[in-house]
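Shown next, in structure tokens, is the structure this report addresses.
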Amino acid sequence: MTRIVVAMSGGVDSSVAALELKEKGFDVIGITMKTWPKEECGTQGDKMCCSLESVQYARSAAEDIGIPHYVVDLSKEFQQEVTGYFIEEYKKGRTPNPCVYCNSRLKFGYLLDKARQFGAEKIATGHYANIIKRGNGFFLSEGHDKKKDQSYFLYDIPREKLAFVEFPLGTFTKTEVREKAALKGLMNAGRKESQDVCFVDSGGDYRQYLEKKGVTIFNEGDVLDVSGKVIGRHKGIAAYTVGQRKGLGIAGKEPVYVIKIDAPALVNIVNFGSLKRVFDRGLTRL
């Protein structure tokens with residue numbers, strides 16, 4: 001019997017992934033990653049990775065499914081690989097995607113190593129994606145439910161590791177997942193899902209998180225158009241991203257978009273009246 005570790009967040013998707021593998025005859029072990037230091041890990045909130053609520057949901061689901069459940073401390077790795085990266089990217093004037101790093105570095109990196117310590121051959125998650133084998137190679141593919149497909153969050157997983165990964169929900173729709181959870185009587189069958197940054201608690205947004213971490217990237221500065229003319233003031237580079245249109249606080253005859261962020265001081269805004277004119281001037285493309 002093949003042993004497999006399922007990363008269980010407490011949500012319905014990872015719970016049904018574990019259930020599906022159990023029903024297929026795998027020797028399943030549920031693991032919840034502890035991603036916060038001891039003094040913060042009890043924080044309440046639906047989005048917090050290792051809130052007491054999330055751990056309780058995961059443990060309850062594992063008990064209902066009939067599999068062992070463990071909590072593994074990856075808080076140091078999470079701070080280094082995910083939140084550290086998140087902060088540094090904003091300092092550089094770039095917009096990070098922490099979920100991509102969490103998947104490739106934590107779930108399919110450190111957690112995969114932990115799974116092998118449990119004697120597991122593979123690791124699984126509740127992502128809506130598929131893995132296709134062609135010849136001796138493995139390739140990432142979209143999930144069947146196009147509205148829920150999460151393959152774009154997984155692109156950074158090293159290809160050589162795909163042979164040790166399972167996505168049990170790749171052929172499921174979200175509706176089917178909730179129905180299966182309800183049929184089994186899982187208490188998280190109707191639990192609300194979140195698509196926000198998991199380590200930013202329910203009481204704030206990423207700006208407040210960065211401020212609490214002492215990141216000094218909210219100093220005001222000038223907003224320039226493509227000719228270099230000052231047309232306004234910005235509230236700090238971390239409040240903007242390339243391609244942004246809303247919330248700029250700049251009125252004009254035509255829509256304006258962020259096309260470049262100068263980390264030391266500036267946010268450049270361009271009037272998008274003519275795409276050709278923008279591209280011909282060699283400015284940053286969206």
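Numbering of residues begins at 1 and proceeds along the displayed sequence.
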(request) Ignoring hydrogens and angles, tell me if any N or O in the side chain of R245 forms a donor-acceptor pair with the backbone of P255 under 3.5 Å. (result) no

(request) Drop me the distance from I31's CD1 to M8's CE, to the nearest 0.5 angstrom. (result) 11.0 Å

(request) Return yes when atom NZ of K114 has more than 12 non-hydrogen atoms of other residues, nucleotides or ligands closer than 6.0 Å, and no otherwise. (result) no

(message) Tell me the closest heavy-atom pair linking I131 and L162, and the distance in Å.
(response) CD1-O, 3.6 Å

(message) According to ring pair (Phe, Tyr, Trp, His ring centres under 6.0 Å), who are the partners of Y85, at least two apart in sequence or on a separate chain?
(response) Y101

(request) Walk me through it: do D27 and T2 pass the test side-chain contact (heavy atoms from CB on, under 4.5 Å)? (result) CA-CA 6 Å; D27 177 13; T2 301; over 6 Å; no

(request) Using the side-chain hydrogen bond (donor to acceptor under 3.5 Å, both in side chains) rule, collect all pairs that involve residues 156-170, keeping only residues at least two apart or in two chains. (result) S104-D156, K122-E166

(message) Taking I65 as the starting point, is it possible to reach V71 by hopping between hydrophobic residues whose side chains are less than 4.5 Å apart?
(response) no

(message) Quick check for you: to the nearest 0.5 Å, what is the distance between E77 atom CD and K34 atom NZ?
(response) 10.0 Å

(message) Nearest 0.5 angstrom please: F86 CZ to C99 SG, how far?
(response) 9.5 Å

(request) Give the C-alpha distance, both sets of side-chain angles, the deciding distance and a yes or no for side-chain contact (heavy atoms from CB on, under 4.5 Å) between E142 and Q150. (result) CA-CA 7 Å; E142 293 180 319; Q150 295 171 305; over 6 Å; no

(request) Report yes or no: do L21 and I123 belong to one cluster of Ile/Leu/Val/Met/Phe/Trp/Tyr joined by side chain heavy-atom distances under 4.5 Å? (result) no

(request) Count the heavy atoms belonging to other residues, nucleotides or ligands that lie under 6.0 Å from NZ of K146, then report whether that count exceeds 12. (result) yes

(request) Please name all residues satisfying side-chain hydrogen bond (donor to acceptor under 3.5 Å, both in side chains) with D13, sequence neighbours left out, ordered by chain then number. (result) Y128, K174

(request) Please report the shortest heavy-atom distance between I67 and A18, naming the atom on each side. (result) CD1-CB, 4.0 Å

(message) We want to know whether T173 and H144 form a side-chain donor-acceptor pair, criterion being a heavy-atom distance below 3.5 angstrom.
(response) no

(message) Using a strict threshold of under 4.0 Å (side-chain N to carboxylate O), is an ion pair present between E63 and R59?
(response) no

(request) Supply the atom-to-atom distance T241 OG1 to R94 CZ, rounded to the nearest 0.5 angstrom. (result) 11.5 Å

(request) Kindly indicate, with the supporting measurements, whether the criterion side-chain contact (heavy atoms from CB on, under 4.5 Å) is fulfilled by V72 and T32. (result) CA-CA 6 Å; V72 173; T32 298; over 6 Å; no

(request) Taking all non-hydrogen atoms of both residues into account, name the closest pair between T35 and F78 and its distance. (result) O-CD2, 3.3 Å

(request) Just do the side-chain contact (heavy atoms from CB on, under 4.5 Å) check on E81 and L106 with the steps written out, would you? (result) CA-CA 8 Å; E81 300 285 358; L106 266 288; 3.9 Å; yes

For residues 178-185, which side-chain donor-acceptor pairs fall under 3.5 Å, sequence neighbours excluded?
unit_1	atom_1	unit_2	atom_2	d
R178	NH1	A189	O	2.7
R178	NH1	R191	O	3.2
R178	NH2	R191	O	3.1
K180	NZ	E23	OE1	2.8

(message) Once side-chain hydrogen bond (donor to acceptor under 3.5 Å, both in side chains) is applied, do any residues pair with D149, and if so which ones, sequence neighbours excluded?
(response) S151

(request) List the atom of N188, the atom of G10, and the distance in Å for their closest heavy-atom pair. (result) ND2-O, 3.1 Å

(request) State, with a plain yes or no, whether a side-chain heavy atom of H127 is found less than 4.5 Å away from one of L154. (result) yes

(request) Answer yes if F118 and M33 sit in the same cluster of Ile, Leu, Val, Met, Phe, Trp and Tyr residues linked by side chain heavy atoms under 4.5 Å apart, and no otherwise. (result) yes

(request) Give the minimum heavy-atom separation between D145 and F172, together with the two atoms involved. (result) CB-O, 3.5 Å

(request) Identify the two heavy atoms, one from F138 and one from A163, that lie closest to each other, and give their separation to 0.1 Å. (result) CE1-CB, 3.5 Å

(message) Checking F164 now: which residues fulfil side chain to side chain contact (heavy atoms under 4.5 Å, CB included) with it, not counting sequence neighbours?
(response) L112, R116

(request) Check for a donor-acceptor pair, side chain of N130 on one end and backbone N or O of G170 on the other, with a separation under 3.5 Å. (result) yes

(message) What's the separation between atom CG in L169 and atom CZ in F167, rounded to the nearest 0.5 Å?
(response) 10.0 Å

(request) Using modelled atom types only, decide if a donor and an acceptor are shared between the side chain of S15 and the backbone of G11 within a distance under 3.5 Å. (result) yes

(message) Let me check something: do L186 and V6 share a hydrophobic cluster, defined by ILVMFWY side-chain heavy atoms less than 4.5 Å apart, either directly or through other members?
(response) yes

